[in-house]
Protein chains: 2
Amino acid sequence: MAIGVCIVEDDREIRELLSDLVLASGQFDFLGGFETAEDLMRAFRKLQPDVVLMDLQLPGRSGIECIRELKLKRPETQFLVCTVFEDNERVYEALLAGATGYMLKSSDGNSLIEAISSVHRGESPMTGVIARKVIENFTKRKPSVDYAEKLTEREREIVEYLSRGFRYKEIASQLGLSTETVRTHIRNVYEKLQVGTRTEAINKIYGNK
Amino acid sequence: MAIGVCIVEDDREIRELLSDLVLASGQFDFLGGFETAEDLMRAFRKLQPDVVLMDLQLPGRSGIECIRELKLKRPETQFLVCTVFEDNERVYEALLAGATGYMLKSSDGNSLIEAISSVHRGESPMTGVIARKVIENFTKRKPSVDYAEKLTEREREIVEYLSRGFRYKEIASQLGLSTETVRTHIRNVYEKLQVGTRTEAINKIYGNK
DNA sequence: AATAAAATACCACTAAAGTAGTATTGAATA
DNA sequence: TATTCAATACTACTTTAGTGGTATTTTATT
């Protein structure tokens with residue numbers, strides 16, 4: 001069964017160029033070219049594409065937002081960004097949103113065709129320049145602040161239980177405390193972390209984001 | 001001025017194969033092949049290579065340790081890993097240590113030659129498979145497919161919001177639903193995952209550690 | 001055309017989480 | 001020694017989360 005491919009690109013000429021490329025290769029099932037993110041989003045459910053070749057700068061909703069939403073709906077679809085930009089910020093955003101490949105419009109046709117197969121195989125095609133940006137971005141990512149350090153021993157202990165989904169009274173009985181004490185500790189933790197719920201606290205400390 | 005290249009590889013046959021490749025290309029100034037990390041480290045100061053082609057599994061000190069030390073001494077030198085391994089952990093470690101390219105021994109000669117020029121130009125040559133691992137490593141939040149698969153589109157979407165700590169009514173307004181609908185979806189999610197709280201659901205899907 | 005699954009929505013209820021204020025005790029420390 | 005911090009604990013209250021039952025509409029599938 002052929003790989004279903006959609007293209008989102010506002011410039012008509014480029015869109016047709018890409019469509020021709022995909023069609024001419026004979027390896028894909030071309031499902032359609034779209035001018036805007038909204039157009040794709042409307043058709044997405046019906047088409048269920050395997051790969052979406054996506055420009056980032058679009059009229060209306062940005063390609064990045066579009067990827068974020070659609071990737072949630074259907075994680076199997078691979079989003080291959082194809083744009084003229086290769087600035088750090090955009091690459092980073094796109095990948096965080098769920099893109100798994102990042103190519104430049106200046107790439108030659110064969111590379112693009114190969115990139116489409118490649119993302120579909122579960123790889124992440126990208127140029128060496130972009131790969132370097134990705135690496136720089138993620139080797140520099142430091143654990144910002146160690147929130148856990150702000151907490152006392154007891155608080156850390158309790159947060160650990162919190163993160164496992166224990167109830168206040170369960171934590172209390174585990175640690176031999178009163179439920180009210182647990183409640184107080186948690187209140188203090190939230191105050192220190194500047195959060196208001198269990199989930200926010202866990203995300204802040206264990207960095208689930 | 002030609003690019004100065006060193007090779008570190010314990011297998012003599014492969015080392016000579018790589019040396020020949022580098023020499024035959026005519027693009028590089030081949031500075032020497034080394035059997036161990038220690039050997040390179042002794043000669044490093046004198047040679048001041050632009051690019052080091054480096055195996056990771058070596059007798060004595062590991063390639064990763066070697067990169068860590070030498071990259072500190074001379075950041076201009078680009079370390080291009082060339083190994084048989086492409087497991088997540090090793091890729092991650094090598095890049096953190098200061099490698100900027102990661103190729104497989106199974107690559108063909110031309111790709112390797114091109115990769116050497118590429119790292120020297122400030123790019124990060126790597127295969128699509130490795131790029132995917134890098135991306136996965138730094139975007140995290142890889143929902144366990146087994147559980148996520150059991151959920152419908154809408155449910156996955158809502159769980160994502162849940163995991164970020166949104167309240168029912170916040171999710172509802174984000175998605176343009178009634179709070180009661182959100183509540184119903186979440187109830188169904190809990191039923192499918194056999195859990196009873198938000199935190200348990202998140203841990204089951206996104207994996208707590 | 002009939003059926004199943006997904007998405008939507010409501011009511012009523014209980015349990016748990018979170019907010020606010022306060023207080024006591026022991027240990028460390030300025 | 002006076003003070004701060006960590007740990008303990010209480011009352012009283014509001015908000016959010018989770019449970020159970022039910023029902024309508026749309027979309028896919030047989």
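The pair A/R61-A/E69 counts as a salt bridge, with a side-chain nitrogen and a carboxylate oxygen less than 4.0 angstrom apart. Of the charged side-chain nitrogens involved, at least one lies within less than 4.0 Å of a carboxylate oxygen, so that B/E9 and B/K105 count as a salt-bridged pair.
Evaluation of atom-type donor-acceptor distances gives no pair under 3.5 Å for the side chain of B/R198 against the base of D/dG18.
Nucleic acid contact for A/T181: base, since at least one base atom lies under 4.0 Å from a heavy atom of the residue. Using a 4.0 Å heavy-atom distance criterion, A/I186 is classed as making no nucleic acid contact.
For the residue pair B/V91 and B/V134, the shortest heavy atom distance occurs at CG1-CG2, 3.9 Å. Contact record, A/L58 with A/D55: CD1-O, 3.7 Å, taken as the closest heavy-atom pair.
Counting to the nearest Å, the C1' atom of D/dC10 and the NE2 atom of A/H185 are 14 Å from each other.
For C/dG18, one of the phosphate oxygens OP1 or OP2 lies less than 4.0 angstrom from a side-chain nitrogen or oxygen of A/Y168.
Toward the 5′ end of DNA chain C lies the nearest nucleotide of B/E180, the other residue of the pair B/T197 and B/E180 mapping further downstream. For the pair B/L162 and A/K192, nearest-nucleotide mapping onto DNA chain D gives the more 5' position to A/K192.
Dense packing is recorded around NZ of B/K192, with more than 12 heavy atoms of other residues, nucleotides or ligands lying under 6.0 Å away.
Proximity of A/L80 to A/T100: side-chain heavy atoms (C-beta onward) are nowhere separated by under 4.5 Å.
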- Message: Across nucleotides 22-30 of chain D, 5' to 3', mark each nucleotide with B, S or - according to how protein heavy atoms within less than 4.0 Å reach it.
- Response: ------S--
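Considering only side-chain atoms of A/R183, the nucleotide from D/dT8, C/dT19, C/dA7 that sits closest is C/dT19.
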